[in-house]
Each structure stands twice: as structure tokens, then as C-alpha cells.
Amino acid sequence: MTLRFTNTLTRRVEPFEPLVAGRVGIYCCGVTVYDLCHLGHARSYINWDVLRRYLVWRGYAVTFVQNFTDIDDKILNRAAAEGSSMEAVSERNIEAFHTDMDALNILRADRMPRATRCLDGIRTLIQELEAKGAAYCADGDVYFAVMKQQGYGKLSGRDLAEQQQGASGRTATAEEARKRHPFDFALWKRAKPGEPSFDSPWGAGRPGWHIECSAMVRQELGDTIDIHLGGADLIFPHHENEIAQSEAATGQPLARTWLHNGMVNVDGEKMSKSLGNFTTIRDLLASGVSPMTLRLFVLQAHYRKPLDFTTEALDAAATGWQGLNSALELIAGSGSAPSTRAAITPQPQGAPALPAELSTARERFIAAMDDDLNTAAATAVLFELARPLRALANRIERGDGAAAEQRQTPAMARRAALLQELAGVLGLKGEANAPAARTAAAAEGFSETEINALIDQRRAAKAAKDFANADQIRARLLAAGIELIDKPGGLTDWLRR
RNA sequence: GGCGGCAUGGCCAAGUGGUAAGGCAGAGGAUUGCAAAUCCUUUACCCCCAGUUCGAAUCUGGGUGCCGCCUCCA
């Protein structure tokens with residue numbers, strides 16, 4: 001079984017072979033930092049984080065580069081609207097990006113270049129394109145000449161000759177008039193009065209959107225990289241244009257493999273700012289959805305398919321995560337397995353002989369992930385591994401002494417270690433959440449002392465065989481979201497539901 | 001209009017030629033004063049039509065429906 005990916009460039013599933021054996025260079029298109037990240041970003045970066053973790057686990061030396069677009073009309077508009085500066089808006093949102101991504105357990109990229117700090121590379125690239133006749137300057141703007149580039153449209157499956165007809169109605173604006181072809185795009189934009197600008201051979205201005213990625217890829221990873229990542233909505237024009245620029249300049253393929261993730265939909269439509277149907281990551285987390293629930297929700301679907309975001313589906317993921325989590329926390333509680341909460345590490349060479357069931361589980365996990373990152377099938381393996389552990393954890397929680405003993409058996413320990421290792425490859429880590437749940441319950445109307453008092457009342461009622469009264473107390477607390485759990489020895493515990 | 005993708009049980013979602021993973025929800029039983037947890041059992045002819053094949057959810061053709069891109073977008 002070999003690792004295979006669906007390459008957007010060839011539209012087929014093909015075996016993955018890095019340019020240099022054992023090393024993988026990855027470039028992931030980042031965000032334009034004019035606002036907070038929403039669930040679409042979360043989905044994309046969770047998927048690519050798993051790709052990265054998996055490659056590392058399989059023993060590749062991965063260099064992962066992700067950019068920030070920190071100059072753009074939207075950032076300037078935002079800065080103008082709030083009376084601050086481009087830098088202030090960018091800095092704030094870069095910080096927010098890190099906070100949100102860290103919360104989702106997404107590993108930080110090895111290098112995170114910013115457009116405003118790569119201007120030398122950008123200017124050099126544009127000059128090379130100009131020298132080769134692939135770019136032209138028009139009134140302070142510089143455009144890429146798509147007609148000069150053989151194969152333009154190969155990524156998105158577009159044919160320039162056919163596309164021209166459909167574009168005939170769009171040449172009215174002043175900018176369109178300066179272009180030689182409607183698909184020509186800006187490499188450098190002349191500065192408008194009052195806007196931040198940078199010097200260049202073509203006058204003061206700033207880089208176009210697409211050129212920064214071409215320059216950063218080259219600067220950080222070289223002319224040809226192994227994998228280029230992004231959302232499906234970037235295929236055209238962004239990635240098409242990146243390819244055109246880079247390949248016109250270097251004469252080399254920009255990336256061997258192009259991977260694109262599907263969109264997050266709401267009510268069947270793409271989540272986007274313009275439709276106003278987006279939820280930010282921090283809003284979702286603030287609403288009480290755990291980061292790992294979101295992660296599981298994303299990973300239970302295949303990365304290329306659209307993912308419909310509904311509260312029902314998210315609730316299902318939350319319940320599913322509780323099960324996995326209790327299995328993972330059982331491990332953490334036993335202190336017998338090594339923690340994989342830090343960065344992912346390669347799987348041990350010459351893995352120890354495992355019992356047949358576990359060894360099969362591990363193979364199924366690898367086969368699923370090798371098959372174009374089939375995380376949905378991979379999570380199924382996790383659930384199957386977790387089932388006995390989860391059952392054990394629940395019995396321990398409810399006071400079953402025999403269950404506590406079983407936790408220590410070698411069979412359970414091996415199963416637990418494997419579960420934790422594979423969960424770590426997917427970036428899933430145990431969350432201890434009981435204390436927070438109690439605080440929330442107490443805030444909802446019943447103080448902890450009141451709850452304890454009611455439990456005492458109920459115990460007395462039970463002793464007097466007054467079950468009607470006992471059940472009434474249970475119902476009363478349940479209505480407030482507090483569940484009573486009777487344990488052996490006449491003890492009663494409670495949980496926030 | 002052009003390009004690309006998707007249609008699997010109540011919901012989500014794997015499965016690319018040999019009689020359908022997994023999660024959520026549901027049902028029956030054991031157990032429990034009740035509840036919870038646990039254990040056992042259980043719920044799909046894979047959008048429609050035609051074709052290829054010994055055999056198709058899986059391949060081919062046609063149809064229907066939905067989505068994305070073609071303008072900034074993960």
C-alpha cells in the first residue's frame with residue numbers, strides 16, 4: 001500500500017513521491033488577515049494539519065510553509081473604517097489566527113512569511129517576468145499576460161479561447177481597459193492617494209494578491225515543491241495564476257501535487273462573508289463546543305467533499321467525541337502511556353509485535369490514511385479501538401472497583417497506547433472537562449451546597465422507601481441540567497448534562 | 001453559457017466489480033426501586049432508466065436533483 005492523493009492538476013488519484021526521498025516541502029495558502037477566521041478556515045487547516053502530522057508520522061521530514069496576506073484592499077478598508085492602520089489590523093488578526101488555530105491543536109507552520117516582508121522577492125519576480133515578456137506595465141500597474149503563457153488554465157480546466165466569449169461584457173472599467181486580455185491579472189498595483197505603498201521600478205504601489213505566493217514559495221522552498229494546498233475556491237483564479245507566474249519565471253513546475261479541500265456549507269450553501277452565514281471559530285468555541293468536537297466533526301468527512309455545517313451533525317460529533325475522550329482520558333488517568341500532546345513524532349521503527357486485533361487496526365488506519373487521507377475511515381478505527389476503553393472508563397467513573405483493576409492489564413495498556421498514538425496522528429487529544437462542567441451547573445440556579453442538600457433528602461426518601469419523593473428530586477435537578485448518578489455504597493454523584 | 005464535483009438507512013458518513021465501515025439517533029432484552037452506565041440483539045435492495053458482466057452502490061450511456069468555481073474568498 002502506498003500513499004496516494006487526488007491531484008487537482010491531473011484530476012486523478014496518484015501515488016505520492018517526493019522530489020527528494022524522505023523530504024516533503026509543503027506550501028499552504030494562508031489567510032488574508034482582515035478579520036477573524038471562520039469554520040471554513042478551521043476545516044481547511046484541520047485537514048492540512050492532519051496531512052502534515054500523517055506525513056511526519058510516516059517518517060517524512062516535512063517543511064510546512066503558510067503565508068499571511070497582510071496587504072490587501074479589505075485590510076485597508078477595515079483600517080479606514082475603524083480609524084487605525086493596516087499594520088494594526090494585520091497584527092491583531094494574525095494574533096487571533098494563532099489563538100484560534102492553537103485552540104484547535106493545529107501545529108504552527110515551520111515558517112509563516114508575510115507579504116509585506118517579502119517585497120524584494122516579489123519585485124525581483126515581477127522584473128523577471130517583465131524581462132521575459134510575460135508581464136507589461138500599464139500606467140503604473142503591472143499585469144501578467146496570460147496569452148503569453150502556454151498551458152494557462154491547466155489547473156482549473158479552463159480554455160482561454162472559450163472563456164473569452166463569456167468575458168466579453170466585462171471590459172468596461174478603466175482597469176479592464178488597460179488589460180490586453182480580460183484574464184490578465186495585476187502583479188503590481190499603482191498606489192492610490194493616501195494608501196500605504198512601497199517603492200518599485202514601476203512607481204509607488206503594492207503587490208497583487210497572486211504574486212506573493214509565487215515569491216514566497218520560491219524563497220522558502222525553491223522552484224518546485226512537493227505539495228501545494230488550499231481551499232477549492234482558490235483553484236481559479238488564484239492557483240491558476242500562481243502557476244502561470246512561477247512557471248513563466250522559472251520554467252519549472254511550481255508544484256507536483258495540488259490538494260484542495262471542499263467548502264463548508266450552511267443550509268447547502270457555501271459559508272462565506274458575503275452571504276453572512278459564517279460562524280467564527282471563537283464564537284463556536286465560546287458557545288461551548290469543544291475544539292476536539294469540531295476537529296472530529298471535520299475529520300468524519302472526506303476533505304475533498306463539501307461539509308454541511310448543522311447543529312445536529314455537530315451534536316452528533318460532540319457525543320461521539322465524549323466517547324473517544326473518555327477512552328483517551330482513561331489513558332491519561334492511568335499515567336501508563338506516553339503523552340502525545342506535544343508535536344507529532346514519527347512512528348517507532350520496528351513497532352513491537354501487537355496482538356492480531358490491534359495490529360489489524362493499525363494496518364486499517366494506515367490503509368485508510370494512505371488512500372487520499374480517508375480520515376472518516378480512520379476515525380472508525382479509533383472508535384473501534386476506543387469502545388472497550390470507553391466502557392471501562394464509564395464503569396470506573398460509576399464506581400466499579402473491578403473495572404479499575406482491569407485498567408492496569410497489559411492488554412488494555414497496549415490498546416490504550418495505540419489509540420493514543422493514532423488519535424495523535426489526527427491531532428485529537430484528551431480533554432479534561434469535569435471541573436468546568438460543575439461550575440456551569442452551579443451557575444445555573446443550584447449551588448453546590450443546595451445540590452448536596454437535595455441529594456441528602458433523596459437518600460433519606462430512598463431509605464424510607466418513598467420513591468415518589470426520590471424521583472421528584474431527581475426530576476427537579478434534571479430539569480436544571482443536573483444528572484444524579486447512584487453509585488455503589490449508597491453514594492450519589494452528579495454531573496452536568 | 002463554460003469548467004469541476006456530489007447523490008448510500010431517521011441524520012452525518014466510509015465503501016470504486018463479489019451480496020453494505022463507523023458516529024449520532026431509535027427499537028427489544030438483561031441489569032437497575034427509578035435513572036445512568038454496561039452487556040446482548042436489532043434497523044439499507046445504495047436518486048431514476050438502460051447497458052457491460054457469472055456478478056455493480058462500485059464500470060458505460062442517458063436522465064433528474066444539488067453544490068462549487070468562472071469577481072475577493074479556506
Side-chain angles (χ1 to χ4, degrees), chain A residues 8 11 13 28-32 34-35 37-48 69 72-74 153 156-159 162-167 170 183 209 229-238 240 260-265 268-275 278 296-297 299-302 304-308 310 312-321 323-324 326 364 368 371 374-384 387 390-400 403 458 462 465-468 470-472 474-475 478 483-487 492-495 497:
Chain A
T8 307
R11 289 175 193 76
V13 182
C28 177
C29 273
V31 287
T32 301
Y34 72 102
D35 205 349
C37 288
H38 58 63
L39 298 180
H41 302 107
R43 189 216 184 161
S44 185
Y45 299 138
I46 286 170
N47 280 139
W48 304 141
T69 298
D72 159 273
D73 282 340
K74 288 177 177 170
S156 55
R158 264 155 243 265
D159 182 278
E162 285 176 12
Q163 296 291 316
Q164 230 169 332
Q165 299 160 3
R170 307 190 298 161
F183 272 30
W209 175 34
L229 306 171
D233 51 356
L234 297 184
I235 294 172
F236 190 90
H238 184 55
E240 195 70 72
H260 291 97
N261 64 275
M263 301 293 98
V264 172
N265 289 168
E269 283 186 311
K270 176 182 167 184
M271 178 175 287
S272 74
K273 301 272 177 184
S274 53
L275 285 167
F278 62 92
L296 183 64
F297 171 67
L299 295 176
Q300 282 194 284
H302 187 86
R304 303 187 77 243
K305 287 195 177 185
L307 177 60
D308 216 38
T310 62
E312 292 78 18
L314 201 64
D315 286 348
T319 315
W321 170 243
L324 276 183
S326 63
R364 281 201 298 137
D371 183 14
N374 190 341
T375 52
T379 56
V381 175
L382 260 49
F383 277 108
E384 288 165 23
R387 190 176 300 122
R390 186 190 61 204
L392 204 55
N394 281 321
R395 281 161 56 203
I396 291 169
E397 190 189 8
R398 318 249 160 201
D400 183 340
R458 178 165 167 275
K462 278 167 65 178
K465 303 278 182 198
D466 182 2
F467 295 120
D471 289 349
Q472 199 195 352
R474 173 189 289 289
L478 194 61
E483 182 187 5
L484 296 183
I485 295 158
D486 291 333
K487 294 190 165 187
T492 299
D493 203 351
W494 57 274
L495 289 173
R497 266 287 147 205

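In what follows, chains carry the letters A, B, and so on, assigned in the order in which the sequence lines appear, proteins first and then strands, with residues in each chain numbered from 1. Please read these numbers as outputs of a predicted model, since none were measured by experiment.
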Parallel, tilted or perpendicular: which describes the rings of A:Y45 and A:H41, with under 30° parallel and over 60° perpendicular?
parallel
To the nearest Å, give me how far apart [atom1] ([X]) and [atom2] ([N]) are.
X	N	atom1	atom2	result
A:L234	B:U71	CG	P	14 Å
A:D73	B:U71	CG	P	16 Å
A:D35	B:A74	CG	C1'	14 Å
A:N265	B:G68	CG	P	6 Å
A:R304	B:C69	CZ	C1'	14 Å
A:M263	B:G4	CE	P	18 Å
A:E240	B:C70	CD	C1'	11 Å
A:N394	B:A36	CG	P	13 Å

Please give me the minimum heavy-atom distance between [X] and [Y], naming the atom from each residue.
X	Y	result
A:H238	A:C29	NE2-SG, 3.6 Å
A:V31	A:C37	CG1-SG, 4.2 Å
A:S44	A:N261	OG-OD1, 2.8 Å
A:L307	A:A301	CD1-CB, 3.7 Å

Counting only side-chain nitrogens and oxygens, does A:N261 get under 4.0 Å of the OP1 or OP2 atom of B:A74? no
By nearest-nucleotide position on RNA chain B, the 5'-leaning member of A:G231 and A:E269 is A:E269
Nearest-nucleotide check on RNA chain B, A:L392 vs A:C29; residue mapping nearer the 5' end is A:L392
Does [N] have a Watson-Crick or wobble mate here (both distances under 3.5 Å), and if so which one?
N	answer
B:C72	none
B:U16	none
B:U42	B:G26
B:A36	none
B:A7	B:U64
B:C59	B:G51

[N] and [M]: how far apart are their [atom1] atoms, nearest whole angstrom?
N	M	atom1	result
B:G15	B:C54	P	28 Å
B:U16	B:A74	C1'	28 Å
B:C66	B:C34	C1'	48 Å
B:G9	B:C45	P	10 Å
B:G4	B:C12	P	27 Å
B:U43	B:U53	P	35 Å
B:C47	B:C6	P	13 Å
B:G65	B:G28	C1'	38 Å

For A:A318, the side-chain contact (heavy atoms from CB on, under 4.5 Å) test, sequence neighbours excluded, returns A:T293
Taken in chain and number order and not counting sequence neighbours, the residues that satisfy salt bridge (charged side-chain N to carboxylate O under 4.0 Å, His left out) with A:E384 are A:R364
By salt bridge (charged side-chain N to carboxylate O under 4.0 Å, His left out), A:D486 pairs with (sequence neighbours left out) A:R458, A:K462, A:R474
Please work out if [X] contacts a base, only the sugar-phosphate, or nothing of the nucleic acid, heavy-atom cut-off 4.0 Å.
X	result
A:G230	sugar-phosphate
A:G30	sugar-phosphate
A:I235	nothing

Protein heavy-atom contacts under 4.0 Å, written 5' to 3' over nucleotides 12-26 of chain B as B (base), S (sugar-phosphate only) or - (none), form the string -SSS-----BSSSS-
Those residues at least two apart in sequence (or on a different chain) that pass ring pair (Phe, Tyr, Trp, His ring centres under 6.0 Å) with A:H302 are none
CZ (A:F297) and OG1 (A:T310) are apart, to the nearest 0.5 Å, by 6.0 Å
message: For a 4.5 angstrom cut-off between non-hydrogen side-chain atoms, does A:L299 reach A:N47?
response: yes
*Looking at side-chain heavy atoms only, is the closest gap between A:L39 and A:R43 below 4.5 Å?*
no
Distances under 3.5 Å only, N/O to N/O: pair up the protein atoms with those of nucleotides 28-35 of chain B.
| residue | atom | partner | partner atom | Å |
| --- | --- | --- | --- | --- |
| B:G33 | O6 | A:R458 | NH2 | 3.1 |
| B:G33 | N1 | A:D471 | OD1 | 2.9 |
| B:G33 | N2 | A:F467 | O | 3.4 |
| B:G33 | N2 | A:D471 | OD1 | 2.7 |
| B:G33 | N2 | A:D471 | OD2 | 2.5 |
| B:C34 | O2 | A:D471 | OD1 | 3.3 |
| B:C34 | O2 | A:R474 | NE | 2.9 |
| B:C34 | N3 | A:R474 | NH2 | 2.9 |
| B:C34 | N4 | A:D486 | OD2 | 2.4 |
| B:A35 | N1 | A:D486 | N | 3.4 |
| B:A35 | N3 | A:R474 | NH2 | 3.2 |

Against the side chain of A:H41, the closest entry in B:C70, B:A74, B:U38 is B:A74
Winner on side-chain proximity to A:M271, out of B:A74, B:G68, B:C39, is B:A74
